[in-house]
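Shown next, in structure tokens, is the structure this report addresses.
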Number of protein chains: 2
Amino acid sequence: MIENEIFRALADPTRRALFEKLAAGRMNASALRQGMSISQPAISQHLSVLRQARLVREERQGRVVNYEIDPDGLALIAGWLERYRAYWPARVNALSDLLKDMEP
Amino acid sequence: MIENEIFRALADPTRRALFEKLAAGRMNASALRQGMSISQPAISQHLSVLRQARLVREERQGRVVNYEIDPDGLALIAGWLERYRAYWPARVNALSDLLKDMEP
DNA sequence: CCAACACATAAGCACAGACTTATGTGTTGG
DNA sequence: CCAACACATAAGTCTGTGCTTATGTGTTGG
């Protein structure tokens with residue numbers, strides 16, 4: 001169940017910080033580590049968890065591995081949210097109507 | 001930081017199951033426990049975590065406590081999602097444009 | 001009133017997970 | 001080639017957390 005991995009991945013503040021850093025654009029592991037006062041293996045482990053949750057994807061280029069946000073994870077969260085559409089605040093709720101119209 | 005409590009709360013499958021049960025409508029703790037093969041204190045503890053994350057709210061009626069989904073938590077998740085709007089899949093992305101138009 | 005009820009809190013246990021240091025694996029410039 | 005680099009994996013530690021049983025608190029019908 002991928003939902004479990006997604007929410008578990010986002011439950012850790014360090015991983016959310018890494019994810020947010022990647023929102024600025026594609027980056028390698030060393031660049032992600034800058035200013036984080038955490039060991040290199042810890043970064044590697046966190047990135048592995050994010051990758052398994054489909055929140056992040058990697059692209060190896062020589063001896064560097066570039067990471068970037070994976071839209072799949074975000075889409076899965078959006079899908080989860082939509083299940084509780086009936087309880088969204090009114091302003092957000094209208095979005096779901098549009099989503100339904102856009103289904104193929 | 002409420003985000004941390006929200007994602008931590010949703011990281012547990014039992015809590016997500018309780019949340020999903022509440023999507024069917026307002027319910028008290030005993031009703032939520034039905035078919036869950038878990039102790040009563042465990043339910044109470046989970047509901048406390050969900051409440052602190054603003055995913056659930058309670059309303060005491062006599063000696064019964066009715067729980068229901070709190071839209072605030074869902075709105076906070078939607079707000080977090082919107083921060084990564086640039087990476088949403090195209091179909092979902094259009095929703096954000098509408099959201100922007102609806103801002104007061 | 002008070003016994004039964006509905007739920008919360010306390011205390012303790014066992015396992016998960018976030019970190020560390022040490023080491024392994026693959027890549028590249030000189 | 002091989003040393004330096006970029007990252008992954010291994011192994012161990014320590015804290016957090018999800019569960020249990022036991023007990024506490026507030027409410028209500030008879």
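Throughout, a chain's letter reflects where its sequence line sits, starting with A, and its residues are numbered from 1. Quick caveat, the model's predicted, so the values are computed rather than measured.
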Residues which pass side chain to side chain contact (heavy atoms under 4.5 Å, CB included) with A:A17, listed by chain and number, not counting sequence neighbours
A:M36
Sorted by chain and residue number, the side chain to side chain contact (heavy atoms under 4.5 Å, CB included) partners of A:S39 (sequence neighbours excluded) come out as A:P41, A:A42
Which letter, B, S or -, goes with each nucleotide of nucleotides 22-30 of chain C from 5' to 3', with contact meaning a protein heavy atom under 4.0 Å?
B----BB--
Protein-to-nucleotide contact annotation, 5' to 3' order, nucleotides 12-18 of chain D [B base; S sugar-phosphate only; - none; under 4.0 Å, heavy atom]:
-----SS
Here the salt bridge (charged side-chain N to carboxylate O under 4.0 Å, His left out) pairs for residues 71-81 of chain A, sequence neighbours left out, are A:R54-A:D72
Within residues 19-36 of chain B or reaching into it, pairs that qualify as salt bridge (charged side-chain N to carboxylate O under 4.0 Å, His left out) - sequence neighbours excluded
A:R83-B:E20, B:R26-B:E59, B:R26-B:E68
Which residues satisfy the side chain to side chain donor-acceptor pair (under 3.5 Å) test with [X], sequence neighbours excluded?
X	answer
B:R8	none
B:Q61	B:N66
A:Q45	none

Bracket notation of DNA chain C in which parentheses pair within the strand, [ ] cross earlier pairs, and | pairs with another strand (Watson-Crick or G-U, under 3.5 Å):
||||||||||||||||||||||||||||||
Any side-chain N or O of B:S44 below 4.0 angstrom from OP1/OP2 of C:dC7?
no
Quick one: [X] [atom1] to [N] [atom2], roughly how many Å, whole number?
X	N	atom1	atom2	result
A:L50	D:dC7	CG	P	15 Å
A:Y67	D:dA6	OH	P	14 Å
A:L18	D:dC7	CG	P	13 Å
B:M36	D:dT20	CE	P	11 Å

Measuring from atom OG1 of B:T14 to atom CD1 of B:I38, what distance do you get when rounded to the nearest 0.5 angstrom?
5.0 Å
Please list, by residue number, the residues of residues 20-33 of chain B whose heavy atoms come closer than 4.0 Å to an atom of DNA chain D; answer none if no residue qualifies.
none
With the side chain counted from C-beta on, respond yes when [X] and [Y] share a heavy-atom pair under 4.5 Å apart, and no when they do not.
X	Y	answer
A:I69	A:L22	yes
B:L47	B:F19	no
A:W80	B:I77	yes
A:N4	B:R16	yes

Residues that B:E58 engages under salt bridge (Lys or Arg N to Asp or Glu O under 4.0 Å), provided they are two or more places apart
B:R51
